[in-house]
There are 4 protein chains.
Amino acid sequence: MSDTSEKGRPEKGQPEKERAEKEQPRRRQARGERRITQLLEAAAQVFCTTGYTAASTNAIAREAGVSPGTLYQFFPNKEAIAIELGERLVHEMRDTYGEALAPVDPATSLKDAVGTAVDRFMAFNTEHPVFFALMHGPDMPGGITEAHDQLHATLIGRVEDLLASLLPEASAADVTRTAHVCLGIYKAGLELVLAHEGAERTAYIQEVKDVLIRYLDPMVGDRLGRT
Amino acid sequence: MSDTSEKGRPEKGQPEKERAEKEQPRRRQARGERRITQLLEAAAQVFCTTGYTAASTNAIAREAGVSPGTLYQFFPNKEAIAIELGERLVHEMRDTYGEALAPVDPATSLKDAVGTAVDRFMAFNTEHPVFFALMHGPDMPGGITEAHDQLHATLIGRVEDLLASLLPEASAADVTRTAHVCLGIYKAGLELVLAHEGAERTAYIQEVKDVLIRYLDPMVGDRLGRT
Amino acid sequence: MSDTSEKGRPEKGQPEKERAEKEQPRRRQARGERRITQLLEAAAQVFCTTGYTAASTNAIAREAGVSPGTLYQFFPNKEAIAIELGERLVHEMRDTYGEALAPVDPATSLKDAVGTAVDRFMAFNTEHPVFFALMHGPDMPGGITEAHDQLHATLIGRVEDLLASLLPEASAADVTRTAHVCLGIYKAGLELVLAHEGAERTAYIQEVKDVLIRYLDPMVGDRLGRT
Amino acid sequence: MSDTSEKGRPEKGQPEKERAEKEQPRRRQARGERRITQLLEAAAQVFCTTGYTAASTNAIAREAGVSPGTLYQFFPNKEAIAIELGERLVHEMRDTYGEALAPVDPATSLKDAVGTAVDRFMAFNTEHPVFFALMHGPDMPGGITEAHDQLHATLIGRVEDLLASLLPEASAADVTRTAHVCLGIYKAGLELVLAHEGAERTAYIQEVKDVLIRYLDPMVGDRLGRT
DNA sequence: GATGAATGAGGATTCATTCAT
DNA sequence: TATGAATGAATCCTCATTCAT
């Protein structure tokens, strides 16, 4: 766990949107909520269109149909928007697919487990193209910005959870490393999948599954339904 | 080796319309050649530090210790710098490791072939961190710039060549798809490798090899020395 | 009169998407309106001093005492400034001298019609030296910019209207050609007029009238009060 | 003679090209001559294409196929190029059409005198499109640059010569003023002529003649062949 | 809350001109 | 001479952010 996720994952219990303006515990007003949603949708749109680095707060405000001042009433900067957006996406993912990305009951074969997980992730990513932009984050080597660090840490956590049940005997460091590798494979695959359509896209999805299955297969012990 | 071919190739064959005087030629170009190298090194530095998208031509010029005007005497824009940089890197790679990324004589086991290829690539990429920045290209989804397209195409080509000899029976489309997947895996792995050091880095390198070997293994036919 | 319509026309009819609150409106726009006027005046000044081509948006902003960013909040580029400036000038001209540049009732002699028209134009142009800069447009041959095209078209239109009543039997093409010639004469004359002062200026104004009258005289039919 | 031609016309006797590098009376070398011609042709091209203001010395050098340094070996700046170009054009005009733009022997009718002069000017201008660019000079009001002042003064001088013989009784001031008016009319007309083609162009040429003839007719005394 | 005006530094790029070779 | 490299100020324009209303 050399350098990833220094800040740990956010405490899932408390309402995330509190964080940005923690100092004034105002009552959350419905209109403000709507504004935030509106802004995040606009941000998603802009991130998808221009990429995170090139996205400008002015452009986001314009896309949302509000003034730049309004944007800054809810978010202190672009970073914060990305963070909030990422958190909401993770939430939605959780809401949609349940707490566990994969239930991994021991009776599930690796193939099925991976297949299901990839299908779900892919479905979600296809439906929420921003996710890709946020996952890849800015151009910068090292993945500097907090937004992506946070999202990445969350995702790594979920993959670790999944792997932990698949590789009960692996050390934490191994699980973490494997999680990074799996997530890396997935991200690389996602890029290819999004770059193609139709049959070719389907083929790439299968490739991703194959890569992951073949990679993990020698690691998982004697699971039932071994591939 | 840092600044390649300072004066090694005095006239590099480009038509230099010398009209009458032919006795006191060159030397003019030498300063420029040096500047170009210098600028490309500065660009490499800046691309590594800030990423391609955020890199500014002014920053590159500053890093190179020249005025912005000087930069534009040699490159029409950032894109051109990236392209030239990519080309020089590819050339250097070829010069260093020979035309073939891997010898792929049929007696080589997949494991050795992949191991050698990954080791070489990793060594090169570790020594030239820009390569990573150029490979990943700008933040922008889809759009991508010519610089990265070009580099990517070149790399895909090389991987295809390698795969073609490993998978003689595969269709062109399959080879291409597999090449994309392999390159994607490699890029993702490289990111992880560069993000770690020491033993952990070594471990990640091994993971990349494992992923590739296990992915390709079922595809390659009955090669000698099958893993 | 120098800065037209500061708050004279509070809402100038443009749809101002006020969403729910309608009680404490405007005032926002007021500052902007003022800035626009201020910027246009600065632009007029700069266009007069340096000419349109050499005028820089930064210089205009500086002259207006605002930052370049502010200028761009109201105008997307120099062209747009020139267009708006031209339109306001035309409006002011119309407001000042009425819809018809000349009354041209048949009882008016050509001499009087031309004399009045030239006097009015000259008075206006003398008071608004930018007009000259805008009329002549940029240096570039052929190309011309939209700003000047528009202004020129408007002026040609007005001259055509005037000529149409003077030359009721002329074809449209002839009227257009004559209008171009008249406007050309006027512009050339204006340049001379503005380049001189006092008696000499007066003399040049008379020359312009003479040129136009003598040019048109053979064309106009049997008007009353023929010269 | 309020403000035009402060510097008077260049002394026609001495070779014009001497002026730019008057300090070293080197022997004029054939190669240098060729270079100058080459540069002036390139400048003509560029002035025509982009206009005087927008023309850059670098562009001229590029067009001439020489380096910027070479250009500055012959001309101290853009201005000097324009001046030299203007002088050469005037020379060529003189060489082509003789010293007098119009001999104006008293037997010539005004119509013929003007017709011939306009035809010659138009022919020359059509063949040398730069002339137009130089005549109109930069965008700047006031016609600041020396190049255009000089060319303008020369042209005014020639028109004055012509008018002097047509209006023997006019005062110098009147002749000068009339010359300015005539040249202004011509320039305005030229713009229209160059903007059209074919029959319409021919029509505009006729208009220019008509304007001038009708303007001058009342001024010329009882010449033979009065229109 | 919301608006839109304001900022000024920074981005890419060009240009007239000079200088070393 | 001729070259082309070098310059740095100036171009247009954008952006994240703040502020008065």
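Letters A, B, ... mirror the listed sequences (proteins, then strands); counts begin at 1. These values consider heavy atoms only, across backbone and side chains, with no hydrogens, waters or symmetry-generated copies.
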Self-check item: Separation of the P atoms in E:dG1 and F:dT21, to the nearest angstrom
Solution: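 E:dG1 and F:dT21 have their P atoms separated by 22 Å.
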Quiz item: Is the closest side-chain donor-acceptor distance between A:Tyr52 and B:Thr53 under 3.5 Å?
Solution: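 Per modelled atom types, A:Tyr52 and B:Thr53 side chains form no pair under 3.5 Å.
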Quickly work out the [X] [atom1] to [N] [atom2] distance and round it to whole Å.
X	N	atom1	atom2	answer
A:Ile60	F:dA16	CD1	P	8 Å
B:Glu79	E:dG11	CD	C1'	16 Å
B:Leu71	E:dT14	CG	P	11 Å
B:Glu33	F:dA6	CD	P	12 Å
C:Asn77	F:dT14	CG	P	9 Å
B:Leu39	E:dA12	CG	C1'	15 Å
A:Tyr52	F:dC15	OH	P	15 Å
B:Asn58	E:dA12	CG	C1'	7 Å

Quiz prompt | B:Lys78 to B:Phe47, cation-pi by 6.0 Å centre distance and 45° axis angle | solution =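 No, cation not above the ring by the 6.0 Å, 45° rule.
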Starting the side chain at C-beta, find the nucleotide from [options] nearest to [X].
X	options	value
B:Phe74	F:dA16, E:dT3, F:dA5	F:dA5
D:Thr57	E:dA6, E:dT17, E:dA12	E:dT17
C:Arg35	F:dT3, E:dA6, E:dA9	E:dA6
B:Thr70	E:dA16, F:dT3, F:dT7	F:dT7
C:Pro68	F:dA5, E:dA9, E:dT3	E:dA9
C:Gln73	E:dA2, E:dT7, F:dA2	E:dT7

If the cut-off is 4.0 Å, is [X] near the phosphate of [N], judged by side-chain N/O to OP1 or OP2?
X	N	value
B:Arg62	E:dG11	yes
C:Ser56	F:dT11	yes
B:Ser67	F:dA6	no
A:Tyr72	F:dT17	yes

Between [X] and [Y], is any pair of side-chain heavy atoms under 4.5 Å apart?
X	Y	result
C:Glu41	C:Gln45	no
D:Arg62	D:Val46	no
C:Gln73	C:Val66	no

Practice problem: Tell which nucleotide pairs with E:dG10, taking only Watson-Crick or G-U wobble pairs whose two distances are both under 3.5 angstrom. | Solution: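 Partner of E:dG10: F:dC13.
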Quiz item: So what's F:dA20 paired with, Watson-Crick or G-U wobble, going by both distances under 3.5 Å?
Solution: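 The base-pairing partner of F:dA20, which may sit in any strand shown, is E:dT3.
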Self-check item: Residue mapping more 5' on DNA chain E - nearest nucleotide basis, C:Gln38 or B:Ala59
Solution: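 Counting from the 5' end, the first nearest nucleotide belongs to C:Gln38.
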Quiz item: Checking all strands, does C:Ala55 fall into the base, sugar-phosphate, or nothing category for heavy-atom contacts under 4.0 angstrom?
Solution: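 Sugar-phosphate, backbone atoms only, no base.
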Quiz item: For the side-chain contact (heavy atoms from CB on, under 4.5 Å) test, which of B:Leu40, B:Leu39, B:Ile81 pairs with B:Phe74?
Solution: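 When side-chain contact (heavy atoms from CB on, under 4.5 Å) is applied between B:Phe74 and each of B:Leu40, B:Leu39, B:Ile81, only B:Leu39 qualifies.
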